[in-house]
There are 2 protein chains.
Amino acid sequence: MIKTRPVNDTRGDNSALKVVGDLKQDILTGYFKPGEKLKMPRLKERYQVGVSPLREALSQLLIEQLVVVENQRGFKVHPVSREEMRDIYATRAEIEALCIGLAVERGDDEWEAGILAAAHTMHKFGDMVDKDPQEWERRHQAFHTAIAQGCNSPTLLQVRRSLYEKASRYRNLWLKKNMANSNVFDANQKEHQQLIDALLAGDGEQARELIRQHLLSPSRALEKTSGLEELAD
Amino acid sequence: MIKTRPVNDTRGDNSALKVVGDLKQDILTGYFKPGEKLKMPRLKERYQVGVSPLREALSQLLIEQLVVVENQRGFKVHPVSREEMRDIYATRAEIEALCIGLAVERGDDEWEAGILAAAHTMHKFGDMVDKDPQEWERRHQAFHTAIAQGCNSPTLLQVRRSLYEKASRYRNLWLKKNMANSNVFDANQKEHQQLIDALLAGDGEQARELIRQHLLSPSRALEKTSGLEELAD
DNA sequence: TTAATTTAAAATGTCGACATTATTGCATTG
DNA sequence: CAATGCAATAATGTCGACATTTTAAATTAA
């Protein structure tokens, strides 16, 4: 029996690594607003660590472009903008299409099984009445990740994950807007089925086009809303 | 008149940011070998700063996957492996093809001019007798960057740069092996001309295929060499 | 000699302290 | 009243110190 360890088990890690996860979550979920100044006293209080681990954590989020720094003026949450949203979503769509194209070429039976399993998990959730957006998003992402895994390239998957996280702040807005709207979820379900069909048929070109449209729809929806202004730029 | 500032001007930056550049250089050029332990006393001595800025710098290189960390055992240079080299180069080829495909769709006259300018700068260097590999690589990269710029996507270009840096350690091996071999440089020159022709003709598909082959050739060459073993894994 | 154990040395990760720099609030002036 | 200048308040970035842990060396035992 292989001993696995939960993804959020941070026992052997140092303080910085522990705080990276929490801080990232707080930024992605919007607890810290875009553009907001991240003052050390507040962070020390919230995460119960000194400045050294905090600065290490912030240095990591700096490279992931979730925070920005200005000398002698500390750290801020990376601001949001329509332009950035467009660019991130467009890039994500291309990267995801790339993953899928390679996956169709390289994917094996185990890959296909993983997709069907994840699809089932998603489908079950669709029946629920109390749609917790976070849990829905978890399963939704698990489904797409199962597909992308088929590309079998750690480097590419790393790029993919990074873009997914960058997009999270915008996606959370979209989720708030649409969690009541069950049409959206039904349409999603349909698109997923089309995607699965194309994948199992080995039609890479079709799958690539489907995923592009699928990934861009939240972006298109957000273009029209005024939700972005709320998040000070 | 706009006041520009040289890329390596680090006056307003904090110590960590200054040391990031130097440390990265030292890792990419192989001054610190893959897998080598990065001990604080040595780093303090070399970069003339305390542990705090050092740990911040290392935290950034951690996300860029140039170093790895183990709790209570400090930082190490990220090890190299044939597998990683293959994956990085393959991913880079796909990303570069993606950039170029978009660039052909979106590029304007200024873009084309930039390519020709960079090509000229490269060509001039080809005539020189004393081929400094570093300078050659600078111009080579400037040429490819000029092309990729046409995609007009900061996010995608960021991904591209990150992969370029990850590949640097392997590329430096290749450069050492081939700096005497002028056949290689001539072949390169030819491939560049083909690429330019395809780009100016607007043939995206052709350009994408050319760039894939172009980027993969160092990887293929390195597959055969024994150079990797020198770098302890 | 090899293996195990103890001891000593060195390195890591974190905090508090301090100098420097930014920001805020208040008074002064035009 | 607006704008400017000044003081006091707060925050940043860096270092040295310290407890903890790892690594290396020395010693002992088999």
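What you are looking at is a predicted structure, and each value in this text was computed from that prediction instead of being measured.
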Sugar-phosphate, base or nothing in reach of A:L54, heavy atoms under 4.0 Å: nothing

Sugar-phosphate, base or nothing in reach of B:E70, heavy atoms under 4.0 Å: sugar-phosphate

Trace of the side chain to side chain donor-acceptor pair (under 3.5 Å) decision for A:Y31 with A:D22: CA-CA 11 Å; A:Y31 175 85; A:D22 296 346; over 6 Å; no

Residues which pass ring-ring contact (aromatic ring centres under 6.0 Å, His included) with A:F75, listed by chain and number, not counting sequence neighbours: none

Touch class at under 4.0 angstrom, heavy-atom based, for A:L38 against every strand present: sugar-phosphate

Salt bridge A:E135-A:R139, side-chain N to carboxylate O under 4.0 Å: yes

Test applied, side chain to side chain contact (heavy atoms under 4.5 Å, CB included); reference residue, A:C99; option that passes from A:N152, A:I147, A:L156, A:V159: A:L156

Donor + acceptor pair across side chains of B:R171, B:S168 (<3.5 Å): yes

Interatomic distance, B:K44 NZ vs D:dA17 C1' [rounded to whole Å]: 11 Å

OP1 or OP2 of D:dC15 under 4.0 Å from side-chain N/O of B:S52: no

Whole angstrom value for the distance that separates C1' of C:dG13 from CE of B:M40: 9 Å

Restricting to nitrogen or oxygen on both sides, can you table the protein-nucleotides 19-21 of chain D pairs closer than 3.5 Å?
none

Among C:dT12, D:dG13, D:dC15, the nucleotide that comes nearest once only the side chain of A:V69 is considered: D:dG13

Reference residue A:S15; test side chain to side chain contact (heavy atoms under 4.5 Å, CB included); the match among A:V49, A:V20, A:L54: A:V49

Proximal nucleotide (of C:dA22, D:dT12, C:dG13) relative to the B:R55 side chain: C:dG13

